[in-house]
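Below, read A as the first sequence line, B as the second, and so on, with proteins coming before strands; counting in each chain starts at 1. For clarity, every value in this text was computed on a predicted model and none was experimentally measured.
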Protein chains: 2
Amino acid sequence: MLDDRKAAILRAVVEEYIETAQPVGSASVARVPGLSVSSATVRNEMGALERDGYLAQPHTSAGRIPTDKGYRFFVDSLTPTGRLDASQNQQVRTFFNRAHGELERMLSDTSRFLAGLTDYAAVVVRDAEDPARIRSVQLVVLAPRVVLAVVVLASGAIEKRTLELAEDADEMVVGAASARLASHLVGEIFGTSLRLPDSEVPDVDRVVAAAVRSLLPGEEPEYQPQVFIGGAARMAAAFDAVGTIRQVLGILEQQYVLVSLVKDVLDRGLTVAIGGELGVQPLSDCSIVVAPYEIEGEPAGTVGILGPTRMHYEQTLAAVAVVSRRLGQALSKGSEER
Amino acid sequence: MLDDRKAAILRAVVEEYIETAQPVGSASVARVPGLSVSSATVRNEMGALERDGYLAQPHTSAGRIPTDKGYRFFVDSLTPTGRLDASQNQQVRTFFNRAHGELERMLSDTSRFLAGLTDYAAVVVRDAEDPARIRSVQLVVLAPRVVLAVVVLASGAIEKRTLELAEDADEMVVGAASARLASHLVGEIFGTSLRLPDSEVPDVDRVVAAAVRSLLPGEEPEYQPQVFIGGAARMAAAFDAVGTIRQVLGILEQQYVLVSLVKDVLDRGLTVAIGGELGVQPLSDCSIVVAPYEIEGEPAGTVGILGPTRMHYEQTLAAVAVVSRRLGQALSKGSEER
DNA sequence: GCTGGCACTCAACGATACCGAGTGCCAAGG
DNA sequence: CCTTGGCACTCGGTATCGTTGAGTGCCAGC
């Protein structure tokens with residue numbers, strides 16, 4: 001599709017534009033070692049690249065900047081074996097050695113860590129359909145008519161639901177209900193439609209039913225993917241235009257947009273989505289890099305980076321890949337090889 | 001300290017500046033109804049107000065803008081009976097009628113709601129020293145050497161700690177430890193140094209000890225106040241200068257700064273802290289408005305707003321006051337009067 | 001087919017002038 | 001003595017206008 005020289009020139013333009021954020025002229029491309037042609041030749045080629053939609057000119061007599069298509073070519077031509085540099089690798093190692101603790105905190109910490117590692121905004125999405133087995137179910141009375149249902153999943157996640165009863169709860173009844181739930185639900189897959197037979201005590205059954213109902217998927221608004229965002233402020237550093245900053249931050253607060261965005265990209269089988277490919281106008285100057293993470297071999301969520309289209313793709317790809325893998329490992333067992 | 005006319009003029013300047021973000025000239029102040037003096041008189045008075053440090057001039061031949069001291073006077077002179085307007089009141093009502101669910105989600109939703117209500121960034125801090133009684137303690141085995149300790153507090157909050165054992169856990173041992181913890185700790189105040197006597201089984205005691213240790217204050221990094229921030233993007237809309245936006249967003253991400261800031265303001269017995277009063281340079285163009293909320297009559301956290309110094313103090317004060325009160329009520333029982 | 005050369009374009013920058021909002025001060029008036 | 005209209009003055013903001021220079025497109029020659 002693109003001959004070698006065009007590809008090399010395009011790569012050079014993208015790389016320089018990523019570094020400088022300035023339109024790239026033919027002269028500086030011609031200076032790139034390994035490409036021994038004159039600036040005039042480069043100009044001709046760049047003209048062709050522009051006709052083919054890989055480059056654009058902000059105005060006549062300015063250098064070229066990559067289009068989404070240009071970035072796409074650049075990203076696709078990256079060697080898939082991106083490596084982190086030594087210091088970053090060290091950071092990853094220390095972070096995951098030190099990081100303990102419970103699932104949500106881990107995800108939240110990871111989002112912050114990843115943001116610091118890449119210097120872009122990081123997103124960690126925990127899939128709602130955590131297909132984890134239930135390790136424990138318990139009902140706790142908080143107030144006369146308020147009962148908290150606490151479910152511990154094998155992943156270490158905790159699901160909790162507040163139930164409000166129609167009448168004052170009897171400790172004994174709740175205790176019995178709790179026991180019934182535990183004996184029937186432990187070992188089941190959370191989120192599937194759980195069902196258990198009636199006992200002989202209607203009072204108990206009522207509480208049990210209320211608890212089961214609250215645990216059904218979609219029943220409670222809280223049953224949606226959890227999103228952890230780290231380093232949103234870095235998006236403010238990535239752009240100069242106040243308008244862009246506002247738009248991007250606005251999107252970052254609409255978590256459902258982010259979630260569907262991330263899902264979408266993964267569904268399309270991509271790792272990177274660039275500018276317009278995101279299909280969200282306010283993010284037309286942004287790209288995202290995503291990678292799913294797995295717990296015990298099961299997909300459990302996604303790690304991603306949101307940055308400007310002119311981000312450092314190679315390093316970001318490597319960072320996201322490494323972090324998603326390590327995160328999965330860290331969550332799969334208490335400790336892996338450490 | 002300030003005679004009536006000076007006070008009226010100062011108030012007029014602050015109000016107009018809050019609306020327009022433009023330096024206020026003597027002419028527009030003179031037009032304010034109720035203040036029937038000429039612009040020349042206003043000029044004289046404004047000169048005096050400037051000498052006294054209530055107003056400042058960006059440059060000669062521009063209008064005046066309030067200093068922190070000016071805002072302070074303005075805020076202190078507000079009638080403490082600020083009321084929300086009807087539509088906002090309606091919003092509050094619907095939000096708290098609809099809002100259910102478990103503590104953390106409630107706090108997080110509240111922060112977002114409050115941000116939307118006021119159009120500034122909202123902060124909800126849940127005090128770490130939740131002096132709530134323990135309602136339930138349970139150990140759950142997640143992996144051979146990993147045990148999750150789940151503590152349910154009377155407030156509905158859930159504390160969870162991951163324990164890593166030196167050797168593979170025996171279900172029986174963990175069960176026994178869980179039972180011992182439950183029987184000794186339920187009813188105690190969480191966060192106090194909990195202690196319980198040895199049993200006859202050393203294995204069990206080891207697990208119990210590990211669990212108790214992980215629950216001690218300060219022991220785990222997760223033992224810190226939780227912060228929920230809503231509407232951070234609105235700070236980007238509140239300022240024009242990109243530099244300011246970046247600084248403010250940067251601070252918003254350093255949650256510990258926010259927490260100590262909020263604590264500090266409350267400790268000084270204030271409801272509002274303005275610009276330099278915050279003692280954080282990057283926030284010199286910001287003010288915060290805070291109010292503690294109480295669960296069952298006990299202080300349990302803080303609700304706050306971070307906005308530009310030129311924020312609508314009256315409405316914001318009212319909003320923060322109402323929301324903190326309603327939040328406390330909503331958390332105090334499952335349902336209060338509804 | 002590449003390259004040096006050249007005319008051309010146009011954003012960015014700086015100098016200059018102008019405008020007008022706003023001030024400080026003063027002298028006259030109640 | 002305080003207030004007020006008047007007036008000269010200041011100075012940031014905006015518009016105008018060259019100038020500059022990076023960068024282009026094209027062409028003729030190697």
Is there, by distance only and without an angle test, a donor paired with an acceptor across the side chain of [X] and the base of [N] below 3.5 Å?
{"X": "A:R51", "N": "D:dG25", "result": "no"}
{"X": "B:R64", "N": "C:dG24", "result": "no"}
{"X": "A:S61", "N": "C:dT9", "result": "yes"}

Would you mind telling me which of [options] lies closest to the side-chain atoms of [X]?
{"X": "A:S26", "options": "D:dT24, C:dG4, D:dT4", "answer": "D:dT24"}
{"X": "B:V37", "options": "C:dT3, D:dT4, D:dT10", "answer": "D:dT4"}
{"X": "B:R43", "options": "C:dT3, D:dC11, C:dG24", "answer": "C:dG24"}
{"X": "A:R5", "options": "C:dC2, D:dG5, C:dG4", "answer": "C:dC2"}
{"X": "B:H59", "options": "D:dC7, D:dG12, D:dT4", "answer": "D:dG12"}

Rounded to the nearest Å, what distance is computed from the [atom1] atom of residue [X] to the [atom2] atom of nucleotide [N]?
{"X": "A:I9", "N": "D:dG23", "atom1": "CD1", "atom2": "P", "answer": "16 Å"}
{"X": "A:Q22", "N": "D:dT24", "atom1": "CD", "atom2": "P", "answer": "14 Å"}
{"X": "B:I65", "N": "C:dT23", "atom1": "CD1", "atom2": "C1'", "answer": "16 Å"}
{"X": "A:E45", "N": "D:dT24", "atom1": "CD", "atom2": "C1'", "answer": "15 Å"}
{"X": "A:D240", "N": "C:dA12", "atom1": "CG", "atom2": "C1'", "answer": "16 Å"}
{"X": "B:E50", "N": "C:dG22", "atom1": "CD", "atom2": "P", "answer": "15 Å"}
{"X": "A:N44", "N": "D:dG23", "atom1": "CG", "atom2": "P", "answer": "17 Å"}
{"X": "A:Q57", "N": "C:dC8", "atom1": "CD", "atom2": "C1'", "answer": "13 Å"}

Checklist entry - What heavy-atom pair brings A:L278 and A:C286 nearest, and what distance separates the two atoms? => result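 Minimum heavy-atom contact is CD1-O, 3.4 Å.
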Next on the checklist: Run B:T41 and B:S38 through side chain to side chain donor-acceptor pair (under 3.5 Å) and show every step you take.
Outcome noted: CA-CA 5 Å; B:T41 310; B:S38 75; 3.2 Å; yes
Item to check | N/O donor-acceptor pair under 3.5 Å between A:R234 side chain and A:G307 backbone | outcome: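 No; zero donor-acceptor contacts below 3.5 Å.
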Next on the checklist: Please check this pair: side chain of A:T67 against backbone of A:Y54, looking for a donor-acceptor N/O pair closer than 3.5 Å.
Outcome noted: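 Checking the backbone N and O of A:Y54 against the side chain of A:T67, a donor-acceptor pair under 3.5 Å is found.
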Next on the checklist: Using a strict threshold of under 4.0 Å (side-chain N to carboxylate O), is an ion pair present between A:D76 and A:K69?
Outcome noted: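 No salt bridge links A:K69 with A:D76.
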Next on the checklist: Taking 4.0 Å as the cut-off, does a side-chain nitrogen or oxygen of B:T60 come that near to OP1 or OP2 on D:dC11?
Outcome noted: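 Checking D:dC11 against B:T60, a side-chain N or O does come within under 4.0 Å of OP1 or OP2.
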Checklist entry - Does B:S38 or A:M46 map to a spot on DNA chain D nearer the 5' end, using the closest nucleotide for each? => result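 Residue closer to the 5' terminus by nearest nucleotide: B:S38.
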Checklist entry - How is A:A62 classified with respect to the nucleic acid when contacts are heavy atoms under 4.0 Å: base, sugar-phosphate, or nothing? => result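 Here A:A62 touches the backbone only, sparing every base.
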